[in-house]
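What follows is a short report on a single structure.
Counting starts at 1 for both ligands and their atoms, in listed order.
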Amino acid sequence: MNSPEINHTVEVLKDDIQRHVALTLGSDPFPPRQMHYYLGLCYSVRDRLVSKWLETQRSYYDSIAKRVYYMSLEFLPGRFLMNYIQALGIEDECREAVRDFGLDLDELLEEEWNPGLGNGGLGRLASCYMDSMATCRIPAYGYGILYDYGIFYQTIVNGYQHECADNWLRQDSPWVLRRVNFMYRIHFYGRSEVYQDSAGLERFRWVDTDSVMAMACDIMVPGYLNGNVTNMRLWKAISTRDFELEVFNRGDYIGAVQAKAESENISKVLYPNDQSARGKELRLRQQYFFVAATFQDILRRFRKNNYSSFDCFPDQVAVQLNDTHPAISIAELMRLLVDDEALDWERAWGICQRTFSYTNHTVLPEALETWSVDLVGNVLPRHMQIIFEINRRFLDEVDRRHPGRTDLLRALSLIAEGDRKQVRMAHLAIVGSHKVNGVAQLHSNILKNRLFRDFDEFYPGRFINVTNGITPRRWILQANPALSELITSVIGDEWIMDLDRLDALAPHAEDPDFRQRWQEVRRRNKKLLARYVLRKLGVGLNPATLFDMHVKRIHEYKRQLLNVLHVITLYNRIRTEAGGHHTPRTVFFGGKAAPGYFQAKLIIKLINSVAAVVNADPAVGSDLRVVFLPNYCVSQAEKLIPAADLSEQISTAGMEASGTGNMKFSLNGALTIGTLDGANIEIREAVGEENFFLFGLTEEEVVGMRVDGYDPRQYFERSLELKKALDMIATGAFSPEAPDLFRPIVDSLLNQGDYYMVLADYESYVHAQEEVSRAYEDQERWTRMSILNTAHMGRFSSDRAIMEYARNIWQVTPLA
Ligand code: CKZ
């Protein structure tokens, strides 16, 4: 194999690209066509990673080190090409190579389709963690599903969200390596049967099942400049051969092909309902398909090392459950150990608990997964039995330690009683794990003191916190090259691997010359974004205005509505104080609504309707512009975040578990307007309260007001500006063709109790926004605050988070 030095020269790279264009794609290299050269470059970069990947996998095997299995139904890696190029340290060479063909690297990068295998923060977190595990040399694998259709592609038609199927593999991705030799059979349905084994013991087996095959599809995840390349293994459903045969024998050819097609539906589509766990059978089958395939792979690897006993399993394997979505793993490992390996229950259970740990990402009741006992009993009959047995033994123990507390038994049970019995997946995950973590300090406290209080008392020390983090490689180095270069020019480049070193930037906030350079970079980013928006939407923006951004999934608890009320308030002020001074703003919205979430979709329509009125009003001029950017995704975030002045993190306190967008903005020098929610609290502590625009009720106040009875009308009557804004929405000022269009929104606020306390926080929010405008008028002050935000974000690196998981949960250490 060539040494890397030779591999990476521009000449060799050019030869490789042309060879791939000609021989891999079978296309004429002249004249150079952008799409073909993009693919030629992809294959050339891939070649350079593959050998390192094989080496890394071999080094795991040789060192027989304990490995981490990060199990997630979602990953949002973003585009791969630039990530790979930067990890290899060959950006300059790639730029030059394609330039010699008359092409521009940045344009080639735009050819890549976004792999949208996740909904939002939970999936993106999994990808940041993959990046950090590779960079920190934690021996790890990511496991997930290779959906044919990722999160839908959003377009806006007449102000409404439209969903288009995202067939991201239509053109075959160069990054997905199919492993036809790694196929496992996955069973469903059937029944559980008792039998006597040769020793005369009563045992169970799962029989008369349907089955489907899981094929491994691998994606490389490189560490930054360290030669380490870890693996993300995504399963794809493939029909079984004998399933076909059986039907063929009945002479039903069309039926056989149809059955084949249907069994492959399992990995067809990602469920787009972020934070809403309405149990659908196909979703349960996806979860189990993924879990069963992954555990066959884990056991294959464990056996390869010739371990004498399964008691060593937890010394070799740490499984992290990314929320409860893969929590059926606990029943599956019990089944494998008890039914297939004939371990006795107690021993198997101890192994399970030492193997698993569970990350909780949300306290929203509608997002806590439950599956009906009937459904689980039908799809996974043996697992249902096992869950009942886990529950029986667990409740016995509760009863032993707290005799006579039927209330406690009911509260802790894995089964929620009612006319339709439900399995509580979070309870299963808690009892089956040795550690349970929340994703920010406040969130973890809520888990311990409220949501899972009884569990915390029953299992002292099991609940811990690991505050989320983001990878600086993608979220500043790659997304914001100009700012990264400026930072490196004054403090060196060690911050890329050790983000705490950004601290050294702080003194430079006092240097007027540095401030000016900082400002110039940020202005340039804003201009680039303005150009992008002009190209994509045909809307002209003024980069001198305050860029105010609210981008994330559309959900009532994230309170895009509160922002809209502020926009309307600004609009009214501009109109009534014509000729007065208003700090010019451009307000950006972006985000997808779950296709079945009526209220969220209506909020999108409202944003677009307000934008249409505001942007068309000559009285407003350039003092206020509102834009909704369609199809918010990782690649769009990379363009938006470096150009933001203000980051909107305005969820109702207690409802956003952590947030990670908040970290990305602050790292790139945006200032935050935010509530004391999720990681906002820790960000504010880190950057200093004087560099953060705080408003709103605290989590305790929210809880208190709910208990005491909250009356939104009181706030409505008290604030003239609020009343006016709501009246305008209610009377069709933004929907003259249909004055009642937004009635459901107004009703939810005024007549249905305003569950998210939008009205309660309105006044405080508007005040904080006035402070924002005042601060922005003083550009020197603003720039100082901006620099200090970046300087103090070291803690929020996903490297820090991963090392906490490694030490406090997984008990693994980095490979040498
Ligand atoms: O996880 C992020 C946090 C956010 C939190 C988000 C999350 O809201 O504050 O920063 C990373 O820790 N996402 C989900 N729960 N918390 C979630 C995502 C998808 C789905 C569900 C919850 C989903 C569900 C339930 C998808 C399909 C069906 C059901």
If every non-hydrogen atom of Phe188 is compared with every non-hydrogen atom of Val212, which pair is closest and at what distance?
CE1-CG1, 3.7 Å

Quick one: side-chain hydrogen bond (donor to acceptor under 3.5 Å, both in side chains) partners of Thr471, sequence neighbours excluded?
Asp131, Arg473

Got a sec, which residues hit side-chain hydrogen bond (donor to acceptor under 3.5 Å, both in side chains) with Arg424, two or more places apart in sequence or on another chain?
none

So what's ligand 1 close to, N/O to N/O, under 3.5 Å?
from: ligand 1; atom 1: 8 (O); to: Gln275; atom 2: NE2; distance (Å): 2.6
from: ligand 1; atom 1: 8 (O); to: Tyr557; atom 2: OH; distance (Å): 3.3
from: ligand 1; atom 1: 8 (O); to: Glu656; atom 2: OE1; distance (Å): 3.1
from: ligand 1; atom 1: 9 (O); to: Glu656; atom 2: OE1; distance (Å): 2.6
from: ligand 1; atom 1: 9 (O); to: Ala657; atom 2: N; distance (Å): 3.4
from: ligand 1; atom 1: 9 (O); to: Ser658; atom 2: N; distance (Å): 3.1
from: ligand 1; atom 1: 9 (O); to: Gly659; atom 2: N; distance (Å): 3.1
from: ligand 1; atom 1: 10 (O); to: Gly659; atom 2: N; distance (Å): 2.8
from: ligand 1; atom 1: 12 (O); to: His361; atom 2: ND1; distance (Å): 2.6
from: ligand 1; atom 1: 12 (O); to: Asn468; atom 2: OD1; distance (Å): 2.8
from: ligand 1; atom 1: 13 (N); to: Gln275; atom 2: NE2; distance (Å): 3.4
from: ligand 1; atom 1: 15 (N); to: Gln275; atom 2: NE2; distance (Å): 3.4
from: ligand 1; atom 1: 16 (N); to: Gln275; atom 2: NE2; distance (Å): 3.2
from: ligand 1; atom 1: 16 (N); to: His361; atom 2: O; distance (Å): 3.0

Aromatic ring proximity, centroids under 6.0 angstrom, Phe455 and His427:
yes

Among all residues two or more places apart in sequence or in another chain, which pass the side-chain hydrogen bond (donor to acceptor under 3.5 Å, both in side chains) test with Asn231?
Asp218

Do the side chains of Arg800 and Asp500 get close enough for a salt bridge, i.e. N-O under 4.0 angstrom?
no

